[in-house]
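Taking it in order: structure first as structure tokens, then the write-up.
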There are 2 protein chains.
Amino acid sequence: MAVDQVFEALASRPRREILAYLSAQELTAGDIASRFEMTAPAISRHLSLLEAAGLVSSERRGQYVFYRLNQDSLVNTLTGFAFEICPAAGPLKRESRKLATRKGKA
Amino acid sequence: MAVDQVFEALASRPRREILAYLSAQELTAGDIASRFEMTAPAISRHLSLLEAAGLVSSERRGQYVFYRLNQDSLVNTLTGFAFEICPAAGPLKRESRKLATRKGKA
DNA sequence: TAGATAATTAACTAATACTTTAATTGCTTA
DNA sequence: TAAGCAATTAAAGTATTAGTTAATTATCTA
């Protein structure tokens, strides 16, 4: 099950920070590495893990490898799990109401 | 930040299964242990970790210690993170629509 | 083609996490 | 108070993870 890999991938602050960086824009492996106090190989491993979990995708363009976030994968897994554990409770419902409202306004 | 502990806690299949069991009803440590092929001390450690992360609460009643799920804590953290990474995207929005619809019907 | 840059893989070390058995604590009841 | 069950804590071993440096692969450019 991919859920295992996703939660494993998320159990690391630097990996979650990488996802946050990628939420704004796609970045090269080097771009990402430069944002951390860690060597490039270490970042490369984190990226492999995130990709294996299906949370990011990579594409080589010339010398560079660009990484981008797979939003759906992340959101599907997290909300899927949240709904499994507590079907329709609390803050998520509130969030949804907010979203629904915004949609109504748009 | 509690987020670290929550994601750490979720990075374990048995711990996620414990949460799933607790989503239906509160259970004693022994009840939970009996559902796994693992010794009681091992389960006890998993429970401690879940409690430290704020995902469950425990209460001793006589000989027994009852555990229950802290739904809000789980949902808050997961949706908080999901929204941080992708503000209003995809399946969560769909989920919310579904919820909003159900609410309309109720 | 040779040299330089980007990125990954390999090999190794250090730190963490998981599980087990054994010992301990808390509560109940005969 | 002693015996017994529930649960946790302690101690110890094993395995996994995260990080480093060194070597390798891929691409670009002079």
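Naming convention: chains lettered A, B, ... in sequence-line order (proteins, then strands); numbering from 1 in each chain. What's counted below: heavy atoms across the whole structure, side chains too, no hydrogens, waters or symmetry copies.
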For the pair made of [atom1] in [X] and [atom2] in [N], what is the distance, rounded to whole Å?
X      : N       : atom1 : atom2 : value
E59(A) : dA6(C)  : CD    : C1'   : 16 Å
L47(A) : dA18(D) : CG    : P     : 13 Å
I32(A) : dT8(C)  : CD1   : C1'   : 14 Å
L27(A) : dA7(C)  : CG    : P     : 11 Å
M38(A) : dA15(C) : CE    : P     : 16 Å
D4(B)  : dT16(C) : CG    : C1'   : 15 Å
I43(B) : dT9(D)  : CD1   : P     : 15 Å
R13(A) : dG19(D) : CZ    : P     : 12 Å

Heavy-atom nearest nucleotide on DNA chain C taken for E37(B) and for D31(A); more 5' hit belongs to D31(A)
Open item on the list: Closer than 4.0 angstrom, basic N to acidic O: yes or no for E17(A) and R15(A)?
Closed with: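 Not counted as a salt bridge, because no side-chain N and carboxylate O are separated by less than 4.0 Å.
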Classify the nucleic acid contact of R45(B) as base, sugar-phosphate or nothing, counting any heavy atom under 4.0 Å across all strands shown. base
So what does A29(A) hit on the nucleic acid, given a heavy-atom distance under 4.0 Å: a base, only sugar-phosphate, or nothing?
sugar-phosphate
Note: for E8(A) and R60(A) on DNA chain D, the residue whose nearest nucleotide lies more 5' is E8(A)
DNA chain D nearest-nucleotide lookup for S12(A) and S48(B): closer to the 5′ end is S48(B)
Any side-chain donor paired with an acceptor under 3.5 Å for D31(A) and S34(A)?
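Note: D31(A) and S34(A) side chains miss the donor-acceptor criterion.
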With a 4.0 Å cutoff (strictly under), does any side-chain N or O of [X] reach OP1 or OP2 of [N]?
X      : N       : value
Y67(B) : dA6(D)  : no
T28(A) : dA7(C)  : yes
T39(B) : dT20(C) : yes
H46(A) : dG19(D) : yes
R15(B) : dC18(C) : yes
Y64(B) : dT8(D)  : no

| field | Side-chain donor or acceptor of R60(A) paired with backbone N/O of G62(A) under 3.5 Å | value | yes
Has the side chain of S73(A) got a donor or acceptor atom that lies under 3.5 Å from a matching backbone atom of G54(A)?
-> yes
Report task. Would you mind telling me which of dA7(D), dC5(D), dC28(D) lies closest to the side-chain atoms of Q63(B)? Result ->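 Shortest atom-to-atom distance from the side chain points to dC5(D).
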Q. Is there a path of hydrophobic side-chain contacts, each under 4.5 Å between heavy atoms of I, L, V, M, F, W or Y residues, that connects L55(A) with V3(B)?
A. yes
